[in-house]
Structure formats: structure tokens, C-alpha cells
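Quick one: this structure, given as C-alpha cells, is what I'll be asking you about.
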Amino acid sequence: MDKRLERILPRVQKPARYTGGEYNQIIKDKNAVDVRMAFCFPDTYEIGMSNLGMSILYHTMNSLDYVWCERVYAPWSDMYEEMRKAALPLYALESGDSLDKFDVIAFSIGYEMAYTTVLDMLDMGNIPLHAAERTELLPLVIAGGSACVNAEPVTQFIDLFIIGEGEEVNNELLALLRRAKNEGWSKRDFLVRASGIGGIYVPSLYDIAYNDDGTVASITAREGAPERVLKRIVADLDSSPYPVNPIVPSTEIVHDKVNLELFRGCVRGCRFCQAGHIYRPIRAKKPETLIRQGIETLKNTGHEEITLLSLSTSDYRHLPELCDGMLEYCSSRSIGLSLPSLRADNFSMELMEKLQRVRKSGLTFAVEGGSQRLRDAINKNVTEDDLLHTCAIAFAGGWNTVKLYYMLGLPTETDEDILGIAEMADKVLRCWRENAKTKSRGVRLTISTSCFIPKPHSPFQWEKQVSLEEYLRRVNLLRSRLSSMRGVTYNWHDADTSVVEALLSRGDRRLGPVIEEVWRNGGRLEAWYDFFSYERWKNAMDKYGLSVDFYASRERSPDEVLPWDMIDEGILKKHLLHEREMCYASELSPDCRHQCSGCGAVRLMKGGRCDG
């Protein structure tokens, strides 16, 4: 261990974040591998170690005998200050080597508010910020993750992007890099050849032209790069590598348990939801595969809880069979089995009683819209009767804690829809009074709202976001109705971060200098509200003559060239436009299990079908 690090650790919170040495970490001889990768998560250890995607790819890439993939996380503020004072560069946990000792610096970016932390980690690791400054083949800076479906705001910092799921394409890219390194290719030669791998987006091979009004005029691919980069998927999850021996953290993390992924994609098609569209087509694992993986992972880690994880876990076809198989192992060992996401329209009391046999928690439902008209408009196929029926069953079964999540600012939303949230809360309270098994503890109902963010590759990518002032007006309208209700707590998400997230998620390359300016003025870890400053972003936008409203609060025309149009997530634009039209007609679309919507994602499957 570096002597500087030894002196620092006693002075910081949770020093185990920075020491490595965890059970199941992978150690290799760095002199016996051809490619060294620093796998970076632009947030803290607790968040990064809870990320299932990081765990899967860490083991997938380390399965190559010529690659050593190591983990790097962003330090918390106390450690950050100590490292800067001691001139200690950012390092990987496995070897302790600084980032400038690696061939590849790879970032997993799932959230646009992490962009400034990406720059901070590069700088702390002595890596030049701009791709144009890094003229040699190595170090190569790459990125993947859901935020990269529109990579344009950070293209000046990243050499190439992985579009889609990385289990297969990452290893193909590393094999090409190994060859390039051994044969002495130039960086340009490598990038041109890498662009020929499916799912690789090399931004330097695309010219962007702008209209006088600031919109994108054209996107032109050069040197053989594809006009549109089609995302990569893993077609068969049963045969895909899955880490049954994940690293066991040395300190408490956010999700300190086993996460078992049931399927990818979502059968629903909520129109506001980016994830439900970019993770299509639907692919599910067999229950016997999941039971085996779950039990092996519990044995290999010693965790006392396992979560069944997917975008809409209760939609897994074989959920009762899976739960029975897991409970046979878990119950006698006092291991908790939990579901992170429930739907009021397919809630099963029998299932919940099974799952919460070890420990009982509250019930959480994402209702999203305050009226049936609005829920139909966003294709959230949940009715008031569904929710109240579910609550009645739960209250009769002894539950007394319910959380309901909504969004404010959705397309077509009116004040009547907002007040409908309060009406729903009143009906839930009445439902508790009529059905509660015991009233001695009272009911605890939490209503939470967030600000709608229009996201790329969703049916609402053309919509505008409501202004800060309008969002706060809607919050206060709802708060005035909820404040007099006993047993109800109202939490709302501040909209200033949502505005910045909206401008970044729908931004173009002109935002690169803005992100750098924010970072140079202290922006880092901005996914944490304590570190976020809206004023810093507003000042940076003003400095470069850019308008927040142009990116966040402007409705797009259906024929406008969008900054992310070179990325093909597998969903046809005509399908997204049709779903948008259905929103304004307040009409539902059937879920994938009942009728194929023709979204186009099935073309990514070799067999021509998905598991919807």
C-alpha cells in the first residue's frame, strides 16, 4: 500500500471503501496479461458495488486470460480532499495502480448527472481529459451504460462508446485492442476498425452540422462507420455468463444482498419510460437457471437476503415456481427473499406472504398518474380499483405501510390530474380504516413525486419539460391538499436536478465545454444533491451562449434531426411516434404478452421472437 494512502485512511469515513482486498476479488499477474482495464464507476463505492451490470462485466472481461479488469470508484469528499492534498492519483482497488498505468479506462455511465465525475476521475488519474489530446493508441477511454444512448454531450472526452449490452461486444473490442497493441496500430486505425464491430460508436467518425436555429441539420458518417449504430444484446441469458461468486464488499453498501436478474426488457411499454424501450426485446431466464444461480451465489457470499431483480419483476411468467424453489433453500436459513417492484394489477397476497416470511416490509407501487385518463395517456395500465383492491388485501393481511410514486409534468397533465393524487390518498386511507387487521399502529402512507424528464428513444423524446416554476406550482397545489391528511407524508424531488438531467439527456456536442466548465468550478458527485448546484450549470450555459430552455423545455418536431439519431436502439421511430399519438388520444396499447406492438426490437433476436 502507498505510504500516502496509509496516512490518509485513518482520517476519512469508511476507509474500507478504498482498500480493496475483498472476498472474491480477482487478482492476476499484471506482467502476464496483454491488456489492463480500469473499470470505473463515476460514483461512490457503495453505489458502484451495488450495480449488477458492473459485477457481470467485471467477471465477463476477467474471463479472458489476457485481460485484467480492475475496479475504480469515485472517492467521497473527505477522501477526495485528502488525495488532492497528498497528490495521490486515483487508483484501482485490486492492484493499487493509478489510472495512467492502464491500457483502457472504461466508464459505466447510467446517469447523466455523473458526467462531471467522469471528468474528475480522469483528471485524478492523470489522464488527459480530451480525446484529441490522447493521440497515441493507449490509454483508450471508453464508456457504456444507459446514458450512452445519447452520448453526444461527452463525445469530446470519450474515444468510443459501447451501445447496448456489453457481455459479448466488450470482449470483441478487447480482442481487437490486444491485436492493435501487439501490431503497433495507430489510434486512428484502431478506431476505424473498431467502428466495424456491431454496437461500437466512434464519435470522431461522425460530422455534425447545425441549422441557424441551433437544431441539428445533419449527421454524416465517415471512413466506413455505419450511418446508424445498432445496439448489441445478449439473446440467450441462460447461457450467458453470470457471476455466482461476486465480490463481497468489506463495508456496508446500498444493496448489501444478492441481486438475481430474472429477465431483460419489459412487457409494459409505459410511454415515459426510457428503460422499458432501450432494454427490449424481452428475454427471460428459465426458473431452474435462476434457482441454481441464486443458491450458488448465496453459498459463495454469505448474504442474508436475495432480491429478484428486473424492470417489472412481478411480470416474470414463472415467478411462483421460482419463489417456491428459492424459499425451499432460504426459509430454513432465515434468508430474506424480496421483490423490488410491484404492480397493483397483478399483486398476489399469497406470493407476498411467501416472500416476507422471513422479514416483512412495506408495499411500494409506482402509480405515476393521478387520474385514469392520465394513466391511459402514459400507458400505465393500472386502475384505481386495482390499487384499492391490492391495498385492501394487504391491510387485511397486516400491512400498514404503503408508498405510492407519481410524476408531475407528464404530457397532457392538468390540475385535475394532480388533485386526483390527493383523492387517491384519501381513498387509500379509507381503505385502511375499512380493512385493517389491527389499527393500533396506524397507517403510514407516503406520496412521492418527481419531475417528468423527456428521454431519448422513448415515445416522449419529442416532448417538452415543464419549467421549474410550473413544477413547483404543481407541487404546492398537491401539498395544499395533502397537508391536512393524517398519516400521509408527502415527499417531492427538487426539479432543478431534473432540468439539468433533461438538458444533458437530450443534449448535443455543444454541451461538452459546459460540462467541463461546471467541473472546473467544482462540479463532481452531482448525482448527490449535496454536491449539486443549479447556479453552476446556469452560469456555464450562459458563458457558452446556450439556453437551458432550448434543450429541456422545447418541444421537438417529429421531422427534426435529433442529436442521437445515429444510435439505433432497435425501436422503430414510427412506433415511438404512434405511441405518442396514442398518448394524446388517451388510449392504451396492449402489453407484449397479449399482442405484439411491432416496435421492431424482435429483429435483434436471431430466432425472430422475444419472450413477451
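All values below come from the heavy atoms of this structure, side chains included, with hydrogens, waters and symmetry mates left out. Fair warning: this is a prediction, and the values are worked out from it, not measured in the lab.
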Scan side-chain atoms only and decide if Trp564 and Gln461 contain a donor-acceptor pair under the 3.5 Å cut-off.
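There is such a pair between these side chains.
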Please report the C-alpha distance between Asn379 and Met582 in whole Å, then the side-chain angles of each, then the deciding distance to 0.1 Å, and finally whether the side chain to side chain contact (heavy atoms under 4.5 Å, CB included) criterion is met.
CA-CA 9 Å; Asn379 209 38; Met582 295 281 278; over 6 Å; no
Examine the side chains of Arg375 and Thr383 and answer whether a donor and an acceptor come within less than 3.5 Å of each other.
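Looking only at side-chain atoms, Thr383 and Arg375 do not form any donor-acceptor pair under 3.5 Å.
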Do Glu261 and Ser310 meet the criterion of a side-chain donor-acceptor pair at a distance under 3.5 Å?
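Side-chain D/A pair, Glu261 to Ser310: absent.
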With no hydrogens and no angle check, just 3.5 Å: does a side-chain donor-acceptor pair link Ser498 and Gln465?
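No.
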Aromatic ring proximity, centroids under 6.0 angstrom, Tyr206 and Tyr201
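Yes, the ring of Tyr201 comes within the 6.0 Å limit of the ring of Tyr206, centre to centre.
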Let me confirm one number: the OG1-CG distance from Thr307 to Asn259, rounded to the nearest 0.5 Å.
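Between atom OG1 of Thr307 and atom CG of Asn259 there are 5.5 Å.
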Before accepting this row, confirm whether a basic side-chain N of the pair Glu587/Arg373 lies closer than 4.0 Å to the acidic partner's carboxylate O.
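Judged by the 4.0 Å cut-off on N to carboxylate O distance, Glu587 and Arg373 do not form a salt bridge.
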Between Arg264 and Glu165, does any side-chain N to carboxylate O distance fall below 4.0 Å?
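So Arg264 pairs with Glu165 through a salt bridge.
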Check whether any side-chain heavy atom of His318 lies under 4.5 Å from a side-chain heavy atom of Lys286, and answer yes or no.
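No, every pair of side-chain atoms sits at 4.5 Å or beyond.
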Point-to-point distance, once rounded to the nearest 0.5 Å, from NZ of Lys285 to OH of Tyr316
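One gets 9.5 Å once the value is rounded to the nearest 0.5 Å.
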CZ of Arg232 to CG of Leu604: how many Å apart, nearest 0.5 Å?
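Atom-to-atom, Arg232:CZ and Leu604:CG are 10.5 Å apart.
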Indicate whether the side chain of Ser597 and that of Ser589 have a donor and an acceptor atom separated by less than 3.5 Å.
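No pair is found: no donor N or O on one side chain lies under 3.5 Å from an acceptor on the other.
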Are Asp207 and Arg222 ion-paired here, with the side-chain N under 4.0 Å from a carboxylate O?
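Salt bridge flag = yes for Arg222 with Asp207.
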Do the side-chain N and O atoms of Ser553 and Lys464 include a donor-acceptor pair separated by under 3.5 angstrom?
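On atom types as modelled, these side chains do not qualify, holding no pair under 3.5 Å.
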